[in-house]
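Indexing begins at 1, ligand by ligand and atom by atom, following the structure's order.
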Amino acid sequence: MHILKFGGTSMSNAKTWQQVFDIIKRYESPFVVVSATARTTRSLIKAAHKAIDHPQEAQMIADDIATRHNNIVEHFLADYDDSSQTLMACHNWINICIEELKEHLATIHSQQELTEQLKDVIASIGERLSSYLFTECGYAAGLYTTWLDATQIVRTDSNFGKASPNLDFISGKINSLQQKISADNIPVMGGYYGMDANENITTLGLEGSDYSASLIGAALDAEAIEIWTDVSGIYTCDPRFISDAKPIPQLSFQEATELAYFGAKVLHPSTTKPASKKQIPVWVKNIFEPDEPGTCISTESTTGGPVKAITYKENCTIVTVTSSQTVMGYEFLAGVFDILRWHHLAVDVVTTTEASVSIGIENGANLDDAIEQLNGYGSVDVLNNQGIISLVGCNSDNCLVTDILSQVRNVPQNLISYSKSKGNLNLVVDNDQVLSIVKTIHKKLFS
Ligand code: ADP
Ligand code: MG
């Protein structure tokens with residue numbers, strides 16, 4: 001079995017839906033996971049926030065989402081005879097979802113509050129819409145697509161916004177479901193969302209559909225998990241900004257995880273976890289160029305150049321905490337990281353001295369709260385407007401570091417960390433320098 005995941009760009013319009021169905025037809029027993037249509041999740045979250053003070057704008061966003069989905073199914077089904085029943089079913093489903101959305105928006109306005117729990121319910125509407133409509137349209141196009149509601153399969157904890165899945169539950173559920181589905185059916189499930197033990201809808205974090213696909217792949221012991229997107233694999237750098245970036249044919253699970261973690265948006269950082277546990281290869285492929293090889297992520301890695309890829313994150317902060325004299329070094333570090341843990345903050349770059357620690361970290365709502373708490377723990381310096389550049393898969397001696405640093409010697413480096421054993425070099429620089437440095441280093445390493 002192959003798990004095929006199609007992201008927002010693949011789901012954006014009637015034409016891409018047709019391309020996706022043509023890809024699905026190539027497989028003998030696929031299991032399909034889809035994202036929301038392009039921009040929908042962001043619109044839903046925007047509507048949820050707007051609902052507090054601007055209820056009419058929020059309702060307009062809801063209407064716009066309805067119109068876009070109606071347009072997609074109408075355009076798609078126009079090419080198929082005898083599809084009026086399907087069209088009715090689709091319109092009906094869109095109405096149900098948008099009515100539900102509008103009720104939630106009204107609740108937010110009347111209570112003047114948007115809880116994390118309700119935000120997840122609203123965010124999940126994107127995938128609930130797309131997966132059902134896509135299933136209906138697939139059937140009209142001659143595929144035996146059958147809809148699976150992710151709430152019935154993807155059990156998670158109750159950490160709204162970034163819930164952790166329960167792989168054992170998912171395995172039990174999906175395997176018993178699979179037995180009931182006839183062999184020629186093609187299951188289609190929305191990614192990104194699931195449900196906790198109290199029947200609350202949860203989400204796995206933004207871009208979480210990749211993760212859903214990997215969880216299903218691991219649960220079903222799939223032959224391969226394929227992440228289909230709008231570029232031909234994982235590149236040496238984001239091809240949208242670095243025009244001479246090239247696809248990487250082969251990456252190890254660890255390299256791919258680090259690339260995703262340090263900002264390569266093409267893959268959700270948790271995607272590799274379930275797959276690597278079961279040693280299932282993950283492919284990244286392009287719906288617009290389906291015959292291109294793409295990237296294979298597995299236990300193997302190719303050796304070759306000095307570095308596998310460069311990634312970057314903008315909008316980061318360096319926080320430096322200096323201990324008051326009374327605390328021992330080890331206690332001090334443990335205390336700082338305890339505060340970060342409490343705020344669910346993942347650190348990207350860290351360096352320490354005996355009495356201080358500097359941390360490079362992505363901006364976010366929790367960071368301000370954490371900084372306030374750290375203030376009570378030692379003296380805190382905050383450097384805003386930072387960007388983190390990461391070189392992943394460094395396969396070389398220390399000369400590489402000297403070499404790279406000499407390339408950017410005119411730019412102030414605000415924080416540097418290098419691990420030879422992990423093959424990882426991180427540079428933290430001013431935000432407005434990030435792209436030009438990335439271009440310089442990429443040229444040096446890959447041209
Ligand atoms: P989807 O909608 O299919 O989930 P995403 O937008 O999440 O697609 O991811 C694909 C995008 O990731 C690409 O269009 C590309 O701009 C971006 N990207 C960032 N870094 C990389 C990289 N190293 N390799 C490939 N794509 C990358
Ligand atoms: Mg994505």
Side-chain angles (χ1 to χ4, degrees), residues 3-13 16-17 19-20 23-24 32-43 72 123 126-127 130-131 134 190-193 203-214 225-252 255-272 282-290 292-297 305 307-315 362 387-393 424 434-435 438-439 441-442 445-446:
I3 313 298
L4 311 177
K5 179 263 170 177
F6 298 94
T9 21
S10 314
M11 295 295 291
S12 60
N13 57 55
T16 57
W17 283 30
Q19 271 161 316
V20 169
I23 290 166
I24 294 172
V32 177
V33 176
V34 296
S35 297
T37 61
R39 305 192 310 281
T40 300
T41 311
R42 247 179 297 149
S43 299
I72 294 176
E127 271 74 8
S130 65
S131 58
F134 188 78
Y192 176 56
Y193 72 101
T203 66
L204 302 171
L206 279 178
E207 300 285 332
S209 291
D210 300 337
Y211 193 15
S212 304
S214 183
I225 296 155
E226 304 188 1
I227 308 294
W228 286 83
T229 182
D230 60 351
V231 289
S232 298
I234 300 184
Y235 283 58
T236 49
C237 198
D238 187 344
R240 203 171 295 182
F241 299 103
I242 306 293
S243 56
D244 54 351
K246 293 177 187 67
I248 309 165
Q250 181 86 44
L251 285 169
S252 69
E255 288 164 344
T257 310
E258 277 179 23
L259 271 167
Y261 181 76
F262 286 115
K265 189 187 162 237
V266 63
L267 208 63
H268 183 287
S270 300
T271 312
T272 46
V282 178
W283 288 85
V284 179
K285 289 177 71 81
N286 188 349
I287 64 154
F288 303 108
E289 304 284 352
E292 295 216 336
T295 298
C296 178
I297 304 161
V307 173
K308 280 281 164 53
I310 307 173
T311 57
Y312 58 93
K313 283 185 188 179
E314 290 167 300
N315 305 313
E362 246 183 313
I388 301 174
I389 298 169
S390 305
L391 275 65
V392 173
N424 191 228
V434 170
L435 217 53
V438 167
K439 281 183 183 159
I441 300 177
H442 189 274
L445 290 170
F446 298 104

Rounded at 0.5 Å granularity, tell me how far [atom1] in [X] sits from [atom2] in [Y].
{"X": "E226", "Y": "I3", "atom1": "CD", "atom2": "CD1", "answer": "9.5 Å"}
{"X": "I242", "Y": "F446", "atom1": "CD1", "atom2": "CZ", "answer": "10.5 Å"}
{"X": "F134", "Y": "S35", "atom1": "CZ", "atom2": "OG", "answer": "11.0 Å"}
{"X": "D238", "Y": "S243", "atom1": "CG", "atom2": "OG", "answer": "11.5 Å"}

Next item on the list: Ignoring angles and geometry beyond distance, decide whether G263 reaches within less than 3.5 Å of ligand 1 through its nitrogen or oxygen atoms.
Entry: no
Checklist line | Min N/O separation S10 to ligand 1 under 3.5 Å | finding: no
Is ligand 1 less than 4.0 angstrom away from at least one heavy atom of [X]?
{"X": "C237", "value": "yes"}
{"X": "S35", "value": "no"}
{"X": "G233", "value": "yes"}
{"X": "K5", "value": "yes"}

Next item on the list: Mind telling me whether F241 and Y312 have parallel, tilted or perpendicular rings, with 30° and 60° as the class edges?
Entry: perpendicular
Next item on the list: Would you mind naming the N, O or S atom of E207 nearest to the Mg ion (ligand 2)?
Entry: OE1
Item checked: Side-chain donor or acceptor of T311 paired with backbone N/O of A264 under 3.5 Å -> no
Next item on the list: Ignoring hydrogens and angles, tell me if any N or O in the side chain of E127 forms a donor-acceptor pair with the backbone of A36 under 3.5 Å.
Entry: yes
Checklist line | Residue selection (non-hydrogen contact nearest atom 14 (O) of ligand 1) among R240, M11, H268 | finding: R240
Next item on the list: Could you name the option among W228, F6, Y235 that has the heavy atom nearest to atom 22 (C) of ligand 1?
Entry: Y235
Next item on the list: Specify the closest pair of heavy atoms between V392 and E255, including all atoms of both residues, with the distance to one decimal.
Entry: CG1-O, 3.7 Å
To which protein heavy atom is [atom] closest, and what is the distance rounded to 0.1 Å?
{"atom": "atom 21 (C) of ligand 1", "result": "D238 CA, 3.7 Å"}
{"atom": "atom 2 (O) of ligand 1", "result": "G8 N, 2.9 Å"}
{"atom": "atom 5 (P) of ligand 1", "result": "K265 NZ, 3.7 Å"}

Notebook entry, point to check: Should the pair K313 and Y261 be classed as cation-pi, given the thresholds of under 6.0 Å to the six-membered ring centre and 45° from the axis?
Noted result: yes
Next item on the list: Using a 4.0 Å heavy-atom cut-off, say whether V266 meets ligand 1 through its side chain, its backbone, both or neither.
Entry: both
Item checked: Any N, O or S atom of D210 closer than 2.8 Å to the Mg ion (ligand 2) -> no
